Amino acid sequence: MKELLRTTDPTVIAFATALLEGEGITAFDLDVHMSILDGSLGILPRRLMVADRDLFMARAIMRDNDIEVSK
């Protein structure tokens, strides 16, 4: 698994996941329940992960939709 993006904005995660699923790429949302630790303030980022084999295509999809990806 490789990290595709990291953000504190849940709408970006939802949009990116929908784009990837539309292209047949399975994405895994990590750190979803970390808000319990920060008191639901939303300061801890969530990560979106994809399989190694899908990383190149997933980055291209994010770039085409102006979503900044992790390096």
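Keep in mind that what you see is a predicted model, and the values were worked out from it rather than measured.
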Self-check item: Crowding at CE, Met1 (>12 non-hydrogen neighbours, <6.0 Å)
Solution: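 Result for CE/Met1: enclosed.
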
Self-check item: Under the side-chain contact (heavy atoms from CB on, under 4.5 Å) test, residues paired with Ala51 that sit two or more places apart
Solution: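 With neighbours one apart ignored, the set is Arg53, Asp54.
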
Exercise. Can you sort out the partners of Glu68 under side-chain contact (heavy atoms from CB on, under 4.5 Å), two or more places apart, ordered by chain and number?
Key: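 If we apply the side-chain contact (heavy atoms from CB on, under 4.5 Å) test to Glu68, skipping adjacent residues, there are no hits.
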
Quiz item: Just by distance, with hydrogens left out, do Asp9 and Thr7 show a side-chain donor and acceptor under 3.5 Å apart?
Solution: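 No, no side-chain donor-acceptor contact under 3.5 Å.
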
Quiz prompt | Value rounded to 0.5 Å, distance of OG in Ser70 from CZ in Arg6 | solution =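 Atom-to-atom, Ser70:OG and Arg6:CZ are 6.0 Å apart.
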
Self-check item: NZ-CZ distance between Lys2 and Arg59, expressed to the nearest 0.5 angstrom
Solution: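 Between atom NZ of Lys2 and atom CZ of Arg59 there are 8.5 Å.
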
Quiz item: Does a side-chain heavy-atom distance below 4.5 Å link Met62 with Leu5?
Solution: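 Yes, their side chains come closer than 4.5 Å.
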
Quiz item: For the hydrophobic clusters of this structure (ILVMFWY residues joined by side-chain heavy atoms under 4.5 Å, transitively), does one cluster hold both Phe56 and Met49?
Solution: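 Different clusters.
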
Quiz: residues 12-30 side-chain donor-acceptor pairs under 3.5 angstrom, not counting sequence neighbours:
from, atom 1, to, atom 2, distance (Å)
Thr17, OG1, Ile13, O, 2.7
Asp29, OD2, Arg46, NE, 3.4
Asp29, OD2, Arg46, NH2, 2.3

